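Only one structure is covered here, and it is reproduced in the block below.
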Amino acid sequence: MAPFLAAVLALCLIFSRAHAVSSQAQGVKFLAPPSQVNLKQLISNPRVDGTVRRLYLQHVIATTSKNRLRTLLLPLATPDMRKRMQVDVNYLLDHPDEIVPYFTSRDADEALILLASMLNSEGAHVDARQITPAQQKQLQSAVNNGELSKWVANKYRNGRVEQESQLKAAKPAQMPPAPALTADQLKNYMPPYPKIASGRGTVRVSSAPQTLDQMLAMVRHFNPKSGVKQPKVYGRLNGFKPMSIPIVFHLLGYQDKGGTYLPPYNWWAVSAAQHMVTEINKFYRGTGFQFVAKEVRWDPRKYAYLNRGDLLSWQNCGQDCWEALSSRYNVQGGPINIWVAGSFEGAFKCTPVATLCRLGANGLTTVNPGASEDWKPGFEYLPTQLVYINYDRFSPDALNRPGAWEGGAVVAAHEIGHYFGLLHTFEGGCSPPDDAVADTPPNLDPDSGWRPDWLMELTQWCKDFRTGNNPNPSKLLKFKSCPNPDGGDNDRVIDNVFNMMSYLDDVCRMGFTENQVARLQWAALTFRPGMQKKYAKS
């Protein structure tokens, strides 16, 4: 009888710990931080709500070294296991960050429970006979019929927004000549493109397209063995003053059927925002633009508009939703407002009818970077001018961290580039005026204009470069999708393989060209004079 009672008490303890993941305050329940729960028991307990379990599992994976994860999961890739199960999970062993997103997309919670139990096993041998039929079926379905291969291929296209969704314009705003300012222009704060000061310390507006060697020089500080710690400091347009610009984060959420408020912003909202801004600043060093996290709004008890109700409503909160909330509640708290909602590549299951799932956007900017008519002084304070990133890009358990090549900051920096007038480097394809920047060579959209294997090859090259393995630069010469703009035959002019405004993988997006910096400064002077005046550094 005593052993039986002991077993019952043990089960009750496990059950209580697994369900004590919520703390209640003023009518809103929040997930308890990982440090306050028994993660080993929780992530492999089928009684726990699937989304909650996946969030904790994602945290465990994000905070465990890749070598350690590989060791713990390696038994599933032994020859005997592959023979018995007919599965090959080697790709996931090398890319553990994708375990939760992949199996979530496959609706394979049973397989995730198995993997979680392996993470708890401390490397113990896994007996295939103890794997449940449901787990075996899900594993075989997920990694044995080409689905994993499709995932690998398609992940390089995730977050690529259709043309109409990117608010493209047929004719990009050009840098006009610099006639004398009229009285009306001075009155309305609409200066034309300013004259370029002569002499040292200026930023060039129009240069020849970058060569491979210039591109490598632009990003060499990202190679830990280059000996270069800081990026190039570009000059300034006449009249431009470097700025420190506040950012306000609006972190939207929802309540699950049990009333728990998700995502778990209470774990790390402020530190995640500060980390993201720190990394954004690294990308913008030397441009004259820096940013500061002014406020991080995540608590629905303080800001009721953040609570979108249920999961579908949260996944449906797209551009119309952000703009409506911003206009109705007058909640824009700074010149740059970053809204966070939705997930299509993480712990949250995605319904195809949901707006943000269907769009599949990593980020968006509601400012049209290519249309002059949408840029007017004072518009920077309109509630409809905002930046969006999805939850996976904000979460430090997903892509907002060094182990994910700072994928959150990459997307935010890209969208802020749009906010200040930059277009995609592939704008217009091989035809002028493309992105209205002279020194970015014309190139096709990598998603549609490149060979299928190029993105993966370039991504691996960038990983080697950023880990100090010094890959051969000549291997980059193949990445050329357009002829030279001058009709010449310079084979050193290739596609923009490191540019922040491209659609390359996160690890490859590292910086801006000098002419892009000139356009950023021009847009701030011309279309955001109030911001330039208010936030200029003294």
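Remember, predicted model here, so these are calculated numbers, not experimental data.
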Is [Y] close to [X] at the side-chain level, that is, under 4.5 Å between some pair of heavy atoms?
X: Ile338; Y: Phe394; value: no
X: Glu415; Y: Val411; value: yes
X: Leu216; Y: Pro473; value: yes
X: Leu458; Y: Cys508; value: yes
X: Val28; Y: Pro300; value: yes
X: Phe30; Y: Asp299; value: yes
X: Gln138; Y: Ile113; value: no
X: Leu504; Y: Phe479; value: no

State whether the side chain of [X] and the backbone N or O of [Y] hold a donor-acceptor pair below 3.5 Å, judged by distance alone.
X: Trp339; Y: Leu252; result: no
X: Gln36; Y: Pro33; result: no
X: Arg393; Y: Leu399; result: no
X: Thr104; Y: Val100; result: yes
X: Ser44; Y: Lys40; result: yes
X: Trp314; Y: Pro263; result: no
X: Arg106; Y: Ser141; result: yes
X: Trp461; Y: Met456; result: no
X: Tyr284; Y: Ala413; result: yes

To the nearest 0.5 angstrom, please state how far the [atom1] atom of [X] sits from the [atom2] atom of [Y].
X: Ile61; Y: Leu115; atom1: CD1; atom2: CG; value: 8.0 Å
X: Phe283; Y: Phe291; atom1: CZ; atom2: CZ; value: 12.5 Å
X: Met500; Y: Thr425; atom1: CE; atom2: OG1; value: 11.5 Å
X: Cys350; Y: Leu312; atom1: SG; atom2: CG; value: 10.0 Å
X: Tyr388; Y: Leu364; atom1: OH; atom2: CG; value: 7.5 Å
X: Asp94; Y: Leu69; atom1: CG; atom2: CG; value: 11.5 Å

- Query: Is it true that Asp464 and Lys475 make a salt bridge, defined as a side-chain N closer than 4.0 Å to a carboxylate O?
  - Reply: no
- Query: Are Lys478 and Glu457 ion-paired here, with the side-chain N under 4.0 Å from a carboxylate O?
  - Reply: yes
When you compare the side chains of [X] and [Y], does any donor N or O come within less than 3.5 Å of an acceptor on the partner?
X: Asp495; Y: Ser481; value: yes
X: Ser474; Y: Asn472; value: yes
X: Gln315; Y: Tyr254; value: no
X: Ser395; Y: Asp397; value: no
X: Asp310; Y: Ser313; value: yes
X: Arg68; Y: Thr71; value: no
X: Asn390; Y: Ser343; value: no
X: Thr440; Y: Asp435; value: yes

- Task: Walk me through it: do Met215 and Asn496 pass the test side-chain contact (heavy atoms from CB on, under 4.5 Å)?
- Result: CA-CA 8 Å; Met215 291 180 190; Asn496 300 278; 4.3 Å; yes
- Message: Among Trp298, Tyr303, Tyr305, Trp322, exactly one meets side-chain hydrogen bond (donor to acceptor under 3.5 Å, both in side chains) together with His250. Which residue is that?
- Response: Tyr305
- Query: Can you list the steps and then say if Asn362 with Glu345 is a side-chain contact (heavy atoms from CB on, under 4.5 Å)?
  - Reply: CA-CA 9 Å; Asn362 288 319; Glu345 54 181 356; 3.2 Å; yes
Could you report the tightest heavy-atom contact between [X] and [Y], atom names first, then the distance?
X: Asn316; Y: Ala354; result: OD1-CA, 3.3 Å
X: Ala32; Y: Val37; result: CB-CG1, 3.9 Å
X: Gln136; Y: Ile131; result: N-CG2, 3.9 Å
X: Phe465; Y: Pro224; result: O-CD, 4.0 Å
X: Cys317; Y: Leu325; result: SG-CD1, 4.2 Å
X: Arg466; Y: Val507; result: NH1-O, 3.0 Å

- Is there a side-chain contact (heavy atoms from CB on, under 4.5 Å) between Tyr391 and Leu356 once you walk through the steps? CA-CA 11 Å; Tyr391 165 77; Leu356 297 177; over 6 Å; no
- Message: Can you tell me if Arg220 has over 12 outside heavy atoms packed within less than 6.0 Å of its CZ?
- Response: no
- Give the ring-plane orientation class for His414 versus His418, where under 30° counts as parallel, over 60° as perpendicular and anything between as tilted. perpendicular
- Query: How are the rings of Tyr261 and Tyr265 set relative to one another: parallel (under 30°), tilted (30 to 60°) or perpendicular (over 60°)?
  - Reply: tilted
- Message: Using the rule given for side-chain contact (heavy atoms from CB on, under 4.5 Å), can you reason through Phe420 versus Ile336, listing the C-alpha separation, both sets of side-chain angles and the distance that settles it, and then say yes or no?
- Response: CA-CA 11 Å; Phe420 282 103; Ile336 296 181; 4.0 Å; yes
- Query: Quick one: side chain to side chain donor-acceptor pair (under 3.5 Å) partners of Asn400, sequence neighbours excluded?
  - Reply: none
- Taking side chain to side chain donor-acceptor pair (under 3.5 Å) as the test, write out the residues that go with Ser105, two or more places apart. none
- With sequence neighbours left out, what residues match Glu110 under salt bridge (Lys or Arg N to Asp or Glu O under 4.0 Å)? none
